[in-house]
Amino acid sequence: MKLLMLGGTEFVGRAIVEDALERGWEVTVFHRGRHAAPPGAASLIGDRTAPDGLAALAAGSWDAVVDTWSAAPSAVRDAARLLADRVGRYAYVSSRSVYAWPPAAGLAEDGPLVEGSPDDGEVPYAESKRGGELAATAAFGPDRTLLVRAGLILGPYENVGRLPWWLGRIARGGPVLAPGPRAMPVQYIDVRDLAAWTLDAVAAGLSGPYNLVSPAGHTTMGGLLDACVRATGADAELRWTEPEALLAAGAEPWTELPVWLPPGEMYDAMHTADVSRAVATGLRCRPVEETVADTWGWLESLGGVAPQRPDRRGAGLTAEREAEVLAALAKG
């Protein structure tokens with residue numbers, strides 16, 4: 001297979017490129033040159049937001065293209081139109097954020113969607129991803145377009161900071177604010193499992209939308225944080241706290257306490273997806289212990305500090321905020 005990766009030097013794109021290279025595929029990475037492409041991949045340099053930024057893609061043909069773009073849908077539109085006659089299939093890594101709010105618990109791929117346009121410029125994230133889906137489908141047609149509606153993505157190379165924050169916090173040891181219930185199920189996808197399923201799906205000629213996160217029951221908040229304690233070997237004490245108490249103490253779900261959401265609409269939207277369609281086509285999710293341990297190993301190789309996307313605010317409580325919340329909880 002000849003694969004064109006739009007992006008491919010960070011997190012999701014990098015995992016896809018590395019997996020494709022391990023399969024023996026011929027991989028070309030189109031990127032801005034800010035980071036090196038994985039060894040073994042050919043590079044084409046360009047900035048799809050700049051005038052004539054797609055010039056490097058004016059020639060060449062590939063069996064498939066994978067695109068992870070999250071900003072203006074018009075950038076997906078322009079790339080897809082340029083490539084439609086020279087590429088076999090278009091796989092667009094989208095998001096479960098494209099479902100209209102509030103998404104019902106257990107929502108499958110046929111749920112109602114937000115409005116979007118392939119011609120949009122900068123719009124909110126959900127509309128950006130939906131516009132990207134529409135742009136890819138308009139250029140390649142529904143039979144040649146794969147829509148990978150990922151949920152929470154974790155694993156090595158994470159540049160959003162969610163699992164790296166938990167690992168870093170737990171590695172420091174001491175009392176750690178742990179958001180409960182401990183047995184609350186959480187859904188995520190290891191970036192390498194996303195990469196493997198996406199490339200398998202491309203090779204098999206799959207098309208249309210697929211929710212892509214771990215099946216229900218894959219792990220819990222307790223499973224995730226316990227794995228962090230084991231991976232780091234830290235002397236950390238997880239202080240499990242019920243959602244009502246955390247909210248009353250002013251802790252912010254998701255941002256200050258990454259991955260965690262209290263029961264309600266947000267939890268249903270993020271952690272109760274129906275992924276039976278992807279499972280039926282071969283989705284396999286590695287144990288949470290492996291995801292956590294490998295992410296910790298990668299972090300250690302970087303000196304313990306993960307890269308951070310400039311368009312995302314840092315995740316997790318500061319030490320001062322954690323102390324404030326713990327003090328508020330102690331007062332009852």
Side-chain angles (χ1 to χ4, degrees), residues 5-22 27 29-41 43 45 66 68-70 93 150-174 176-178 186 188-196 198 214 219 223-236 238 254-260 285-322:
M5 184 74 219
L6 303 182
T9 64
E10 296 186 276
F11 200 23
V12 175
R14 188 177 189 90
I16 291 170
V17 170
E18 289 185 347
D19 190 308
L21 290 169
E22 289 176 4
V27 183
V29 178
F30 174 81
H31 62 107
R32 287 173 286 191
R34 297 177 180 175
H35 307 277
S43 283
I45 305 299
V66 179
T68 62
W69 188 255
S70 297
V93 180
L152 172 64
I153 307 172
L154 303 176
Y157 305 130
E158 187 195 333
N159 56 2
V160 181
R162 297 183 179 115
L163 182 52
W165 182 82
W166 277 115
L167 284 162
R169 172 60 195 93
I170 287 172
R172 293 198 304 272
V176 178
L177 185 62
V186 295
Y188 69 94
I189 185 76
D190 185 298
V191 67
R192 297 162 296 178
D193 297 333
L194 182 156
T198 299
S214 53
T219 196
L224 179 68
L225 298 192
D226 286 345
C228 290
V229 173
R230 289 192 294 271
T232 60
D235 181 19
L238 298 178
W254 195 256
T255 53
E256 290 190 325
L257 294 167
V259 180
W260 177 75
C285 295
R286 70 194 66 207
V288 66
E289 292 83 4
E290 184 177 337
T291 298
V292 170
D294 291 350
T295 303
W296 177 241
W298 164 71
L299 275 176
E300 286 192 301
S301 75
L302 300 178
V305 181
Q308 181 69 44
R309 279 177 53 165
D311 60 336
R312 299 288 182 93
R313 77 178 249 195
L317 289 160
T318 64
E320 294 76 16
R321 276 289 295 141
E322 184 178 20

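All values below come from the heavy atoms of this structure, side chains included, with hydrogens, waters and symmetry mates left out.
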Fill in the blank from the handout: When rounded to the nearest 0.5 Å, the distance separating CG of Leu257 from CZ of Arg321 is 9.0 Å
Problem - Between CD1 on residue Ile153 and OG1 on residue Thr291, distance to nearest 0.5 Å - result: 12.5 Å
Fill in the blank from the handout: Closest non-hydrogen atoms of Ser214 and Cys285, given as atom of the first, atom of the second and distance, are CA-SG, 3.7 Å
Handout entry: Side-chain heavy-atom pair Thr68, Phe11 within 4.5 angstrom cut-off
Key = no
Exercise for the section: For residues Leu152 and Val259, determine if any side-chain heavy atom of one lies less than 4.5 Å from a side-chain heavy atom of the other. Expected result: yes
Handout entry: Heavy-atom closest contact (Val17 atom, Ala41 atom, distance)
Key = CG1-CB, 4.1 Å
Exercise for the section: Could you tell me whether a side-chain N or O of Asp294 sits under 3.5 Å from a main-chain N or O of Pro156, the two making a donor and an acceptor? Expected result: no
Exercise for the section: Could you check if a side-chain atom of Val186 sits within less than 4.5 angstrom of a side-chain atom of Trp260, using non-hydrogen atoms only? Expected result: no
Exercise for the section: Could you tell me whether the side chain of Val191 reaches within less than 4.5 Å of the side chain of Glu158, counting heavy atoms only? Expected result: no
Completion exercise
Separation between CZ (Arg286) and CZ (Arg192), nearest 0.5 Å, reads 4.0 Å
Handout entry: Nearest non-hydrogen partners of Ala315 and Gly161, listed with the distance
Key = CB-O, 3.7 Å
Handout entry: Contact summary for Gly223 and Val288, nearest pair of heavy atoms
Key = O-CG1, 4.1 Å
Problem - Under 3.5 Å donor-acceptor, Glu18 side chain and Pro38 backbone - result: no
Practice task
Show your reasoning for whether side chain to side chain contact (heavy atoms under 4.5 Å, CB included) applies to Cys228 and Leu163.
Solution key: CA-CA 9 Å; Cys228 290; Leu163 182 52; 3.9 Å; yes
Handout entry: Student check: side-chain heavy atoms of Asp190 and Glu290 closer than 4.5 Å
Key = no
Exercise for the section: Spell out, as yes or no, whether a donor-acceptor pair under 3.5 Å connects the side chain of Arg169 to the backbone of Gly173. Expected result: yes
Handout entry: Qualifying residues under side chain to side chain donor-acceptor pair (under 3.5 Å), relative to Thr198, sequence neighbours excluded
Key = none
Exercise for the section: Might you work through the side chain to side chain contact (heavy atoms under 4.5 Å, CB included) test for Glu322 and Val176, ending with a clear yes or no? Expected result: CA-CA 8 Å; Glu322 184 178 20; Val176 178; 4.3 Å; yes
Fill in the blank from the handout: Between Ile16 and Met5 the two heavy atoms that sit nearest each other are CG2-SD, 3.8 Å
Handout entry: Nearest-0.5 Å distance, CZ of residue Arg172 to OG1 of residue Thr232
Key = 11.5 Å
Practice task
Find out whether Trp298 and Leu302 are in side-chain contact, i.e. whether some heavy atom of one side chain is under 4.5 Å from a heavy atom of the other.
Solution key: yes
Fill in the blank from the handout: Nearest heavy-atom contact between Thr9 and Arg14 is O-NH1, 3.4 Å
Handout entry: Validation row: Trp166, Val292 side chains within 4.5 angstrom (heavy atoms)
Key = no
Exercise for the section: With sequence neighbours excluded, tell me which residues meet salt bridge (Lys or Arg N to Asp or Glu O under 4.0 Å) with Glu300. Expected result: none
Practice task
Kindly compute the distance separating NE2 (His31) from CD (Glu10), expressed to the nearest 0.5 Å.
Solution key: 11.0 Å
